Amino acid sequence: AERFLQEIQVTARLSHPHILPLHDSGEAESFLYYVMPYVAGESLRQRLEREIQLPVDEALRITQQVAAALEFAHRQEVIHRDIKPENVLLHEGEAMVADFGIALAVSAAGGERLTETGVSVGTAEYMSPEQALGEGEPDARSDIYSLGCVLYEMLVGEAPYTGPTAMAVLAKRLSDPVPSARRLRAAIPVPVDAALVRALAKERVDRFGSAREYVEALVAEAGADAEAVKSIAVLPFANLSAEPESEYFSDGITFDIINNLAKISDLKVISRTSIMRYKTTDKPLRRIGEELGVAAIVEGEVQRVGDRVRIGAQLVDARTDEHLWAEQYDRELLDVFAIQSDVAHRVADALKATLTAAEKERIERRPTDDSEAYNLYLKGRYFFDRRGEGLLKGLEYFQQALEIDPDYALAHAGVADCYALLGFYGNLPAGEAWPRAKAAALRALEIDEGLAEAHCSLGFAGLYHDWDPLAAEKHLQRAIEVNPGYAPAHYWYACVFTALGRFEDALSKNRRALEVDPLSIFANAHYGWIMVTGARQYERGREQLKRTLELDPNFAIAHWLLGQAYGMESMFEDGISCFKKAVELSDGLPWFLGSLGWAYGASGQAEEAGEVLSELDTRRRERYVRSLCFALVHIGLGDLDEALDWLEKAYEERDTYMVHLNIDPTFDCLRSHPRFIALLKKVGL
């Protein structure tokens with residue numbers, strides 16, 4: 001039992017979008033068990049039973065995702081040992097590898113590793129020759145062999161070696177030549193077939209050295225995956241203007257080009273928060289492409305001179321450094337929209353991406369006819385992206401833009417975004433912020449129904465102010481429909497699933513946000529929040545949040561969430577340290593201060609918790625402080641009636657966080673209390 005539990009815990013370390021996580025393991029009445037989440041979907045085996053063969057590009061896409069999981073695990077020195085279609089689960093089209101390490105754990109349960117006794121661990125049709133012969137410990141190349149067998153079956157319709165018994169299969173594997181998949185299906189590209197033959201080599205030294213090398217052979221060498229070519233990042237355009245303070249303008253041009261490209265569903269476009277990390281980089285394009293997972297990159301420069309703007313743009317194949325397209329524009333300032341539209345069309349043509357009529361119309365639509373309104377809008381977005389005090393500054397600029405052009409839909413959407421976040425974090429009372437956010441978003445949609453930002457804001461408000469997850473879902477689905485590359489729509493959609501207790505769906509939806517915005521500190525922190533608060537995978541959550549802080553060590557939200565991840569497992573010293581850092585970096589945000597008070601109380605430091613209550617009370621006399629903050633401290637102190645009094649006040653305030661009371665472990669101590677149950681019913685939970 002001890003050996004089994006030691007081995008199974010190896011899986012718990014594997015936190016990856018394409019690896020099914022381990023929830024729990026243990027022993028009950030002499031039976032050993034492990035717990036993994038239910039995946040709504042089907043296994044690759046079920047799909048193959050139904051379809052026999054898969055399209056080449058689909059088979060390669062699934063192989064890439066499984067290989068990414070293997071590459072990650074192999075770097076942690078973990079070998080799967082039993083890659084087969086039954087262990088590849090398909091959830092919303094995404095592949096997830098299940099039963100990582102289970103084969104080794106089961107063998108360990110016998111008191112010794114079966115491979116040490118010459119007994120094979122694996123499945124005959126997908127087992128490497130060294131596993132079949134019991135020749136040493138399997139390594140990464142053993143998993144690559146098994147993945148080669150799986151790809152062969154996806155392409156051909158059967159495993160490379162078949163027979164009436166397991167021994168017959170193994171005998172063929174050891175004696176017959178490596179089969180060519182292309183002999184059975186001519187549509188398979190020659191280089192793909194060659195890579196597959198190498199992956200199935202009998203001697204591991206003749207195979208690829210890593211899963212990543214295998215995928216590069218399948219995709220980069222063969223160029224077989226046409227969809228990979230349709231992935232793109234737009235690097236921050238260089239500001240060539242004489243005034244350094246006009247940086248907001250070049251950033252705005254970059255963001256608008258990204259936004260136009262993201263409206264094309266046939267393209268995978270990296271969102272703007274990820275690309276801003278490359279603003280001053282000197283990394284080669286190939287390296288940037290690898291880090292962002294894209295094949296093509298747009299570079300450019302902007303120079304504004306009075307009422308004229310000069311823009312240079314070029315499209316480069318990041319894998320080969322080949323220039324695919326370039327253009328120079330010198331136009332009147334208001335012609336900038338035509339430039340942005342032209343860039344999107346040229347890039348789509350170069351990458352052979354298909355545009356629908358609706359996408360073409362959205363790309364070519366002019367958002368305003370006033371250059372000063374556009375200029376103010378860009379300033380508003382520049383400050384909005386900086387959060388904190390930038391929200392109020394951004395709001396001011398968006399409102400100024402609307403004074404000039406009242407029908408500027410994007411400026412209305414900017415106002416909605418500002419008020420939504422001011423209400424979400426408690427900078428303004430919910431009853432003041434959220435109605436204004438909704439009104440601005442609705443006005444934006446009256447002008448332009450296909451505005452993803454406005455639909456996203458309405459979805460956000462539907463969840464956190466109206467406490468109506470299903471209504472929120474409709475708007476977020478519409479936001480994704482009109483702009484698949486708008487990352488906030490994906491991670492706020494994940495919040496809907498979290499509120500409904502559908503944590504695996506929430507994690508899956510957040511992974512989609514990370515695909516389009518892999519370096520976003522918000523998307524990464526949000527992923528950690530779901531692990532901690534929803535799925536209660538505290539160790540996984542801590543690892544995810546630490547990775548987020550590697551992206552930005554001064555990101556207050558990530559420190560706050562990390563404090564929660566420590567606190568939920570009574571690691572209060574670490575938790576308090578994180579909460580203090582969050583309070584410091586957020587200029588004393590009351591929400592984070594309340595969490596610090598909770599940790600003090602829960603750890604027995606009643607005096608310090610009392611000091612937090614006093615500070616919150618002092619602030620409340622001067623400006624708005626959410627009642628939720630007081631409730632958190634009283635929960636930590638064990639004053640449950642006091643906590644419920646404050647939660648009822650929070651309900652009256654229509655506090656943002658009420659919609660998550662039913663899942664947040666902070667409130668577990670109240671679950672059986674009649675007043676808490678009644679409160680959940682009033683919220684609609």
Side-chain angles (χ1 to χ4, degrees), residues 5-26 33-40 65-66 68-78 80 87 89 91 94-102 105 490-491 494-495 497-498 501-515 518-552 555 557-572 574-575 578 582 660 663-666 668:
L5 296 175
Q6 287 175 350
E7 295 291 349
I8 203 74
Q9 282 303 315
V10 170
T11 303
R13 301 201 313 264
L14 301 178
S15 175
H16 187 274
H18 296 296
I19 295 178
L20 193 67
L22 175 76
H23 279 334
D24 193 16
S25 62
Y33 69 87
Y34 61 92
V35 183
M36 288 185 172
Y38 170 74
V39 174
Q65 294 178 351
V66 174
L70 291 175
E71 179 72 12
F72 176 82
H74 293 163
R75 289 202 301 267
Q76 320 301 315
E77 299 183 351
V78 179
H80 191 288
N87 282 338
L89 307 183
H91 177 61
E94 299 294 303
M96 298 186 73
V97 182
D99 286 5
F100 241 102
I102 300 304
H490 292 284
Y491 57 75
C495 285
F497 287 130
T498 303
R502 295 166 56 183
F503 304 127
E504 287 307 315
D505 287 330
L507 290 167
S508 175
K509 187 57 68 176
N510 208 108
R511 283 194 288 270
R512 177 62 184 136
L514 288 170
E515 285 179 18
L519 302 182
S520 163
I521 54 177
F522 300 105
N524 274 279
H526 202 273
Y527 197 38
W529 172 75
I530 298 170
M531 292 176 186
V532 173
T533 303
R536 304 192 181 202
Q537 299 171 12
Y538 303 124
E539 186 173 353
R540 261 187 93 197
R542 287 194 292 271
E543 292 172 359
Q544 172 63 27
L545 292 164
K546 287 174 182 176
R547 285 195 290 271
T548 305
L549 287 170
E550 289 175 3
L551 296 173
D552 183 355
F555 188 37
I557 294 172
H559 285 285
W560 168 63
L561 290 171
L562 188 55
Q564 285 192 304
Y566 281 122
M568 290 308 149
E569 292 195 302
S570 300
M571 302 166 70
F572 291 116
D574 290 326
C578 291
H660 291 310
I663 54 97
D664 191 326
T666 308
D668 282 355

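Just so we're clear, the structure is a prediction, and the values are computed from it rather than from any experiment.
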For a side chain to side chain donor-acceptor pair (under 3.5 Å) check, start with the C-alpha distance between Y527 and R511, then their side-chain angles and the critical distance, and finish with the verdict. CA-CA 8 Å; Y527 197 38; R511 283 194 288 270; 3.2 Å; yes

All heavy atoms of P518 vs all of N524, minimum pair found to be O-ND2, 3.0 Å

Distance-minimising heavy-atom pair for T533 and P665: O-CD, 3.3 Å

Is the gap between the ring centers of F555 and F522 under 6.0 Å? yes

What's the shortest heavy-atom distance between C578 and H559, and which atoms? CB-O, 3.2 Å

How long is the span from the CG atom in L89 to the CE atom in M96, to the nearest 0.5 Å? 7.5 Å

From CG (L70) to CZ (R75), nearest 0.5 Å: 11.5 Å

If you measure from CD1 on I530 to CD1 on I663, what distance do you get to the nearest 0.5 Å? 9.5 Å

So, taking the atom named CD1 in I557 and the one named CD1 in I521, what distance separates them when rounded to the nearest 0.5 Å? 7.5 Å

Closest heavy-atom pair, T498 versus A506, reported as atoms and distance to 0.1 Å, is OG1-CB, 3.4 Å

Smallest heavy-atom separation, A494 atom then H526 atom, equals CB-CE1, 4.2 Å

If you take all heavy atoms of V532 and G541, which pair is closest and at what distance? CG2-CA, 3.8 Å

With sequence neighbours excluded, what pairs up with H660 under the ring pair (Phe, Tyr, Trp, His ring centres under 6.0 Å) test? Y464, W529, Y657

Applying side chain to side chain contact (heavy atoms under 4.5 Å, CB included) to L507 and F497, what does each step give before you reach the verdict? CA-CA 9 Å; L507 290 167; F497 287 130; over 6 Å; no

Side chain to side chain contact (heavy atoms under 4.5 Å, CB included), that's the test. Do L14 and Q76 meet it? Break it down for me. CA-CA 8 Å; L14 301 178; Q76 320 301 315; 3.8 Å; yes

All ring pair (Phe, Tyr, Trp, His ring centres under 6.0 Å) counterparts of H91, not counting sequence neighbours: none

Those residues at least two apart in sequence (or on a different chain) that pass ring pair (Phe, Tyr, Trp, His ring centres under 6.0 Å) with F503 are none

Could you check Q564, M531, M571 and say which one makes a side chain to side chain contact (heavy atoms under 4.5 Å, CB included) with R542? M571

Charged N-O contact under 4.0 Å between K546 and E543: no

Which value, rounded to the nearest 0.5 Å, describes the distance between Q537 atom CD and S15 atom OG? 8.0 Å

Rounded distance [0.5 Å steps], CE in M568 versus OG1 in T666: 3.0 Å

Walk me through whether H80 and V66 qualify under side chain to side chain contact (heavy atoms under 4.5 Å, CB included). CA-CA 11 Å; H80 191 288; V66 174; over 6 Å; no

Taking side chain as C-beta onward, heavy atoms only, is F72 less than 4.5 Å from V78? no

